[in-house]
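Notes follow once the structure below has been shown.
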Amino acid sequence: MKPQDPAHTPGRRALLEEETTMAHPVISADECISCGVCVDDCPQGVLEIQDVATVVDEDSCIACGICQENCPAGAITEIAED
């Protein structure tokens with residue numbers, strides 16, 4: 001009999017989901033200079049410039065932090081969601 005993969009044991013998926021937090025960028029409208037660096041650098045394309053940079057597809061964000069690292073104004077932070 002083939003040993004069962006621990007990731008597929010009953011209840012393991014629920015446990016993994018409980019331990020996992022998602023993060024997404026939060027952009028300060030007061031600090032954003034609408035330069036577009038975050039929009040250009042985002043590998044998932046989840047940001048757009050409206051009046052300021054805006055997250056338009058939070059669900060597709062992979063929380064890589066590139067937008068936060070590259071923002072010249074320091075207007076982006078990542079907030080963990082429970």
With a 4.5 Å limit on heavy-atom distance, are the side chains of D51 and S34 in contact?
no
Looking at S28 and V26, would you say the former's side chain and the latter's main chain have a donor-acceptor pair under 3.5 Å?
no
Value for SG (C42) from CD1 (I62), rounded to nearest 0.5 Å, stands at 7.5 Å
Value for OG (S60) from NE2 (H24), rounded to nearest 0.5 Å, stands at 13.5 Å
Are the side chains of C71 and C38 in touch, meaning some heavy atoms are under 4.5 Å apart?
no
Which heavy atom of E69 sits nearest to which heavy atom of C64, and what is that distance?
OE2-O, 4.4 Å
Could you measure the distance from the CD1 atom of I66 to the CD atom of Q44? Nearest 0.5 Å is fine.
9.5 Å
Is P72 close to V37 at the side-chain level, that is, under 4.5 Å between some pair of heavy atoms?
yes
Among Ile, Leu, Val, Met, Phe, Trp and Tyr joined by side-chain contacts under 4.5 Å, find the other residues sharing a cluster with I76 and list them by chain and number.
I27, V39, V46, L47, I49, V55
Shortest non-hydrogen contact from C61 toward A23
SG-O, 3.9 Å
